[in-house]
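Heads up, the thing below is written out as structure tokens.
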Amino acid sequence: MTDWLPSLVSGAKHLGLNYGFVLNPFERTAWLSGIGVTLELVALALAASLLAGVGMAVLLTSNRPWLQHPVRVLIELTRNTPVLVQLYCAFFVVNMLLNRVLDGAQHNPLTAFAWVIIVLSIHYGAFHAEALRAGIESVPAGMRESAASLGFSRRQLLWHVELPLAIRFALPSLINNLINLVKTTALGSAIAVGEVTYTSLMIWTQHDNVLELMLFIFLVYGLLTLLVARLGRRLEHRLRMPGYGH
Amino acid sequence: MPLSPSSPEPLVRLKDVHLSFGRNNVLKGVDLTVKRGEAVSIIGPSGSGKSTILRCINGLLAPDRGQILVGDTAVHALRSESARIALRKRIGFVFQQYNLFPHLSVLENIVIAPVRILGVDRATAEREAGELLARVRLADKAGAYPGELSGGQQQRVAIARALAMHPELVLFDEVTSALDPETVGEVLAVIRDLVHDGLTCILVTHEMRFAEEVSHEVVFTEGGEIVEHGAPAALFHAPRNARTHAFINAVSH
Amino acid sequence: MAIEQTLAAKPQPETQAQPVAVAFAPNALLLAGLLLLWGLAGTCLGDTLSVLWQWTPLLAQGLKMNILISLLAIGGGTVLGVLIGALELSGSVWVAAPARAFVALFRNAPLLVLIFFTTYVFPFEIHIGSVYLPFPDWIKATVGLALPAAAQVAEIVRGAIGSIPSAQWEASASLAFSRAQTLRWIILPQCFRRVLPPWMNLYAMITMSTTLASLVGVTDLLESAKNASNTVNRTDFTILVYLAVLTLFFFYCYPIALLTRRLEHKFAIH
């Protein structure tokens, strides 16, 4: 390793900040792998939550009560209970039962990492679905009539008119949900998923340098939420409808 | 386009069509015949069921009672979505509020239905869309978005979008009512050309002078019934019914 | 006339009945899920329930802790947040900029990390002169929730004040109101109804977030449930106790959500 790192660390030491772990290759690698896991969690949960959200929104607006009602119940349940409790229910209850059904944990393909993604996708999918449903409902009735008059089927209406418009109407809410999702990945540490909060926890229990790692963590999440917000704004710009609205 | 203005063959026939929304009887036994290649205008006070007649013809609304025939298709008896879609492919509809898709460019608005619904290949659809845009005098607006156009321009795009499906029949629902007075003329000019080319049209309109000029027949509705119908000259200048007379007097002042 | 209901914009009689169905459906689903899981666990329900009954006092203690933390956090967060929101709107950059920085920092940090922060960085007691005030973990966790709550309240307040037409500021100024007087007597009273639904939403969010305190050793409902589950160490009990936690939170938060929606709807009409 080059010499700028030790000098930075000793510089920090003069400020009273203990970043010594950075010089230990083992601890440094462990901490950096935490960032990698956080990035994986964010990327996968983000994509899966959007898929789940679109799926739930489609079912929610399907006009078929037997499709609508179970989804509505799922959405109300997941929105009105703590994510951490959902995570425990998934990991300590459902996963345990799955282990039992599959004859032992070694046969269960779902890891703690996978459960975090599943729970976050359903939870934020529910928020996405609500935003998209509101978007679909605010598509003007005339737009539906005109699509029907051109011979669109209900499915074509949904995919070519309602959803594209709903996504545009819902985009600010969707981005907000995704920013919350990024922050919530920290809950992975509660079931020992080695994301950045967890690896930091491991290091500060060793070195008693909570404040130092806190600054790092704030930086990581700050950058990630900034990135999501930026990408969101760029998408908003690309999807804008010139002359529409304002 | 079929070019046979004097053909006696009827394309649209309505017989004793009734429709009510709750306790509100909107159509109370409407009879109407439109011959192929002709333009029929429906005039009458607001709330007399004019727009409802158009929505029954393309199956957006289903009548409670009566028969609606478009060619050989019994519209009143259509039960499946696919049957209604097959009907709507043959019938163009132009709305008062244009109803263009705001997230698609002008060109995309015109090609989406031919490509997605009829399965026309993209290149052909785009070439035809270009021709249609030229026909409605908007050749330079292909890349614009609906929100960037004036009302009159949007309405002409909406007409081009309907024509892109090669309809046998086009229904115009008060297409100039939402427009600025200056842009009404450009839309009417496009419709006039279409009628001259022999397109079968049904127009619900408040433009009495235009109705008189382009129509082969004019129908006066009031209270969900057809009060009088006939050649434009006769209906506008020598109405037989006192209510028709009163209405024409009222709107021409 | 029933063919194309989807296209014609007509009032659907269904919309009236729906809230009732939605309110009762979760219970049915919970019950069904419970029974299903029961089959998997393969135990007598009555026996498990009696074990749960023995643990009820401890669980109730835990729930009381969640509610206490949530009330203190929303209270503190609201007072601080209104103040910061007002500072954000101050004419002076020197006042507004730190307020904005506060909001940006505490809105973008994960709640769990903030709770870790207040728990590990703050001392365990505070010295004021010769008095030693204990600073227990549950209060630190409360602070960790109150700070982001304050940031959210500041945003809500700022949004509501911004939504009042600027003509009202001008009109008040022409009546010789100062900026602070305009805010106090003219703007804030109008903001109340705009602020109420998102504020209630925030309270529900905070209540759900109080479970994070369990991760820094506060004995809340979730921590009590976890302890009970580990102590009893029986599959059927584990299932029941976690579902009980889920259900308790649902029945605390869902009515708040319903009320919020009702208020939103009511205020949207006026």
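These numbers were taken from a predicted model, which means no experiment stands behind them. Below, read A as the first sequence line, B as the second, and so on, with proteins coming before strands; counting in each chain starts at 1.
Under a cut-off of 6.0 angstrom, the local environment of CZ in R116(B) is sparse, with at most 12 non-hydrogen atoms contributed by other residues, nucleotides or ligands. Heavy atoms from other residues, nucleotides or ligands lying under 6.0 Å from CZ of R230(A) number 12 at most.
Chosen from S146(A), S153(A), P164(A), A147(A), the residue pairing most often with chain B at heavy-atom distances under 4.5 Å is S146(A). Ranked by heavy-atom pairs shorter than 4.5 Å toward chain A, the options L118(B), V94(B), I112(B) are led by I112(B).
Residues F152(A) and I117(B) come closest through the heavy atom pair CA-CD1, 3.7 Å. Between A148(A) and R88(B), the shortest heavy-atom contact is O-CD, 2.8 Å. The heavy-atom pair separating M165(B) from L150(A) by the smallest distance is CE-O, 3.3 Å. Residues H160(A) and H103(B) share a closest heavy-atom pair of O-NE2, 3.0 Å. What you find for M143(A) and L100(B) is that their closest heavy atoms are SD-O, 3.2 Å.
Here the side chain of E145(A) pairs no donor or acceptor atom with the backbone of L60(B) at under 3.5 angstrom. A donor-acceptor contact shorter than 3.5 Å links the side chain of N99(B) to the backbone of G142(A).
The part of R55(B) that comes within reach of chain A is its side chain, from C-beta onward, which places non-hydrogen atoms under 4.5 angstrom from that chain. For chain A, the nearby parts of F101(B) are the backbone and the side chain; heavy atoms of each come within less than 4.5 Å. In this structure, chain A has no heavy atom under 4.5 Å from any part of Q97(B).
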